[in-house]
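Everything on this sheet refers to the single structure shown next.
Every chain is numbered from 1 and lettered A, B, ... according to where its sequence line falls, protein lines coming before strand lines. Because the structure is predicted, anything quoted here is derived from the model rather than measured.
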There are 2 protein chains.
Amino acid sequence: MDATAAPSTATPPRRARNAGATREALLAAAQEGFGRKGYERTTTREIGEAAGVDPALIARYFGSKADLYLAAVAAERLDDDERVGPVDDSQPFADLDQVVEVVLRRTARRGPGPILQALVRDDASPEIREAARARIVRRMVDPVAAQFEADGADRPVLRAQVAVAALLGVGLGRSLGWFDELHATDPDDLAALVLEALGRPD
Amino acid sequence: MDATAAPSTATPPRRARNAGATREALLAAAQEGFGRKGYERTTTREIGEAAGVDPALIARYFGSKADLYLAAVAAERLDDDERVGPVDDSQPFADLDQVVEVVLRRTARRGPGPILQALVRDDASPEIREAARARIVRRMVDPVAAQFEADGADRPVLRAQVAVAALLGVGLGRSLGWFDELHATDPDDLAALVLEALGRPD
DNA sequence: CTACCATGTCATCAGATGATGACTTATGGC
DNA sequence: GCCATAAGTCATCATCTGATGACATGGTAG
C-alpha cells in the first residue's frame, strides 16, 4: 500500500500551523455562536466547522467548551474600557459603594452582559452558571460581606448576598427596561438611591 | 371501602391505573420543571421521575416533549392562583409587605416561574415580555408606589420600581441558587430582611 | 368467566454531544 | 540535514436524550 502516496492526493493546504491564529479563529467562532444561539445550542462541532478547525483543538487550547465560553466572554471585555472599577477585571471591588456604582453604570451602558445573562438564563449550562456565580461571589459578595462584618452587622454574609442579588435585580431591570422611571433614571442617581437602601446593614 | 378502590388508601405501591391522574401528574411535573429550569434543560426522564410515572407515558398522553411543554404552558394560566396574595390573580397586592412575602415564597416553591423568566430573558417574545411586565407593574409596583407616596417618600414611583426590581433580583437569586446563605435562608426570614432594607422610603 | 382494550413497564434504539488519546505532520533549533 | 516537539487529524468513547415498540397487567363489557 502506498502509504506515502495515499495521503498525498488529499494533502490539501492543511491548516497553517499557527497556534495563535487557530486560537483566534476558535474564539471568534465561539463568540459568534454563543452570542447568537446561546451556550447549549452551540456545539463544539459547529464552532470547529465555523472556525475551519478541528473541534478537538478546543480541548487543546481552552480545556473544554465551558472554558472556551469563558474565554469568549473575557475576550469581549477587552474592547471595553470601563475604568470605574479595578483595572484588572478579576480584582475584587473595594466596597458596596463601588460595587453599586459599577454594576449600575455597566448595565446602563451595555445591558445585562454575558455574565449576568449566564447567571439568569435557564439555558446556561451548570459550568457556566457556576463560573459566573463564583466570579460574582469573589468580586462582589465577599468584599461587601467583609465590609458589613467590619461594620458589626448581624449576619453579614447573608446581608451581603441579599444586597448583591437585589442590586443585580435593579441593574437587570433597568437595562431591560422593566419600569419607566427606573429605566430613565441616571445610573449615578440610582446608585445613590440603591446605596441608601442597601448600605444600612444595621 | 377497600372493594373497588384497593389503592384508595393512598398512592398505592403500584401506580393506579388512572389515565387522568397520570396525565395530571405529568403536567404538574412538567410545569414545575419547565418553570424552574426551562425547556431544554428539563428532560423527559426527570419529568417522569418527578411525576412518579414512566416517561414513556409522555409520548402516550401528549405525543412528545414539545407537546407536553405546550400543554404545560396552557395549563399554567389556570392554576396560577397563589393563595397568599389576592385570590383573584389579577388583583394588585396590598402593600410592600405582602409583595415581598409572596414573591419570596413563590420563587422558593416553584422557581422563577414563567413570568419572571419571561421578564428576564432577552429572547422571549415581545408580547410575552410586555404582558409579564405590565402584570408586575400593576400588581406590585403600583401598590407599593401608592404606599410610599402615602408615607410621604421622595420620588415614590422610582423607589417602588427600585424596590420591586431589587426584590425580583433577590427572589431570582434565591431560587436559582446564586449564593449559599441566600439559598438556604427561609423565605419568611428573608422577607423580613428584605423588607427591612426596602421598606424605609424615608 | 373470558376476551379485549386501556394502562403501565421495560428494554432498547438512533442521534447528538463533549471529551480523549493515539496517530501524523510540519517547524524550528541544533 | 536531523529530530524533538508543537500543531493538527482522526477514530472512538461514554453519556445523555427523546422516542418507540414489544410485552405485561388490570379492569370491565358481554
Side-chain angles (χ1 to χ4, degrees), chain A residues 1-27 29-30 33-34 37-72 122-128 130-131, chain B residues 2-8 11-27 29-30 33-34 37-72:
Chain A
M1 43 221 3
D2 37 16
T4 55
S8 64
T9 65
T11 27
R14 295 181 101 112
R15 183 118 212 108
R17 279 171 136 23
N18 182 337
T22 297
R23 241 190 87 105
E24 287 302 311
L26 283 173
L27 208 50
F34 291 147
K37 306 198 310 176
Y39 180 77
E40 306 265 344
R41 289 194 175 86
T42 304
T43 69
T44 56
R45 284 171 172 83
E46 284 173 357
I47 294 173
E49 185 168 5
V53 149
D54 192 292
L57 277 317
I58 290 174
R60 190 192 293 282
Y61 290 121
F62 296 93
S64 71
K65 182 189 180 187
D67 291 326
L68 172 58
Y69 179 84
L70 294 180
D122 54 17
D123 64 345
S125 84
E127 309 95 77
I128 297 304
E130 173 55 26
Chain B
D2 61 331
T4 55
S8 62
T11 326
R14 196 99 164 182
R15 182 115 214 117
R17 283 175 106 80
N18 183 337
T22 296
R23 240 191 88 104
E24 287 303 310
L26 283 173
L27 206 51
F34 291 148
K37 306 198 309 177
Y39 179 79
E40 307 267 343
R41 308 198 58 251
T42 302
T43 70
T44 56
R45 285 171 172 84
E46 284 173 356
I47 294 173
E49 185 168 5
V53 149
D54 192 293
L57 298 188
I58 290 174
R60 190 191 292 283
Y61 290 119
F62 296 92
S64 70
K65 182 190 179 185
D67 291 325
L68 174 58
Y69 180 81
L70 294 180

(message) Looking at A66(A), is its backbone amide N or carbonyl O close enough to the side chain of Y39(A) to form a donor-acceptor pair, meaning the two atoms are under 3.5 Å apart?
(response) yes
Would you mind reading off the distance between [X] atom [atom1] and [N] atom [atom2], rounded to a whole angstrom?
X: F62(A); N: dG8(D); atom1: CZ; atom2: P; value: 12 Å
X: N18(A); N: dG8(D); atom1: CG; atom2: P; value: 7 Å
X: E49(B); N: dG8(C); atom1: CD; atom2: P; value: 18 Å
X: I47(A); N: dG18(C); atom1: CD1; atom2: P; value: 8 Å
X: L57(B); N: dA11(C); atom1: CG; atom2: C1'; value: 15 Å
X: D67(A); N: dG18(C); atom1: CG; atom2: P; value: 14 Å

(message) What's the separation between atom CD1 in I47(B) and atom CD in E49(B), rounded to the nearest 0.5 Å?
(response)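 Reported value, rounded in 0.5 Å steps: 12.0 Å.
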(request) Measure the CG-CG distance between L26(B) and L57(B) for me, rounded to the nearest 0.5 Å. (result) 6.5 Å
Protein N or O to nucleotides 15-18 of chain D N or O, pairs below 3.5 Å:
from, atom 1, to, atom 2, distance (Å)
dG18(D), OP1, K65(B), NZ, 2.5
dG18(D), OP2, T44(B), N, 2.8
dG18(D), OP2, T44(B), OG1, 3.1
dG18(D), N7, R45(B), NH1, 2.7
dG18(D), O6, R45(B), NH2, 2.9

(message) Here's a test of your reading of the structure: between R60(A) and D54(B), which maps to the more 5' nucleotide of DNA chain C?
(response) D54(B)
(request) Would you indicate whether Y69(B), at its atom OH, is surrounded by more than 12 heavy atoms from other residues, nucleotides or ligands within a distance under 6.0 Å? (result) no
(message) Does K65(B) qualify as a cation-pi partner of F34(B), given the criterion of NZ or CZ under 6.0 Å from the six-membered ring centre and within 45 degrees of its axis?
(response)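 No - K65(B) does not lie over the ring of F34(B) by the 6.0 Å and 45° rule.
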(message) Closest-nucleotide mapping onto DNA chain D: is A56(A) or I58(B) further toward the 5' terminus? I mean the 5' end.
(response) A56(A)
(message) Show the nearest heavy-atom pair for residues G33(A) and T42(A), with the distance to one decimal.
(response)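 Closest approach of G33(A) to T42(A), heavy atoms only: O-OG1, 3.1 Å.
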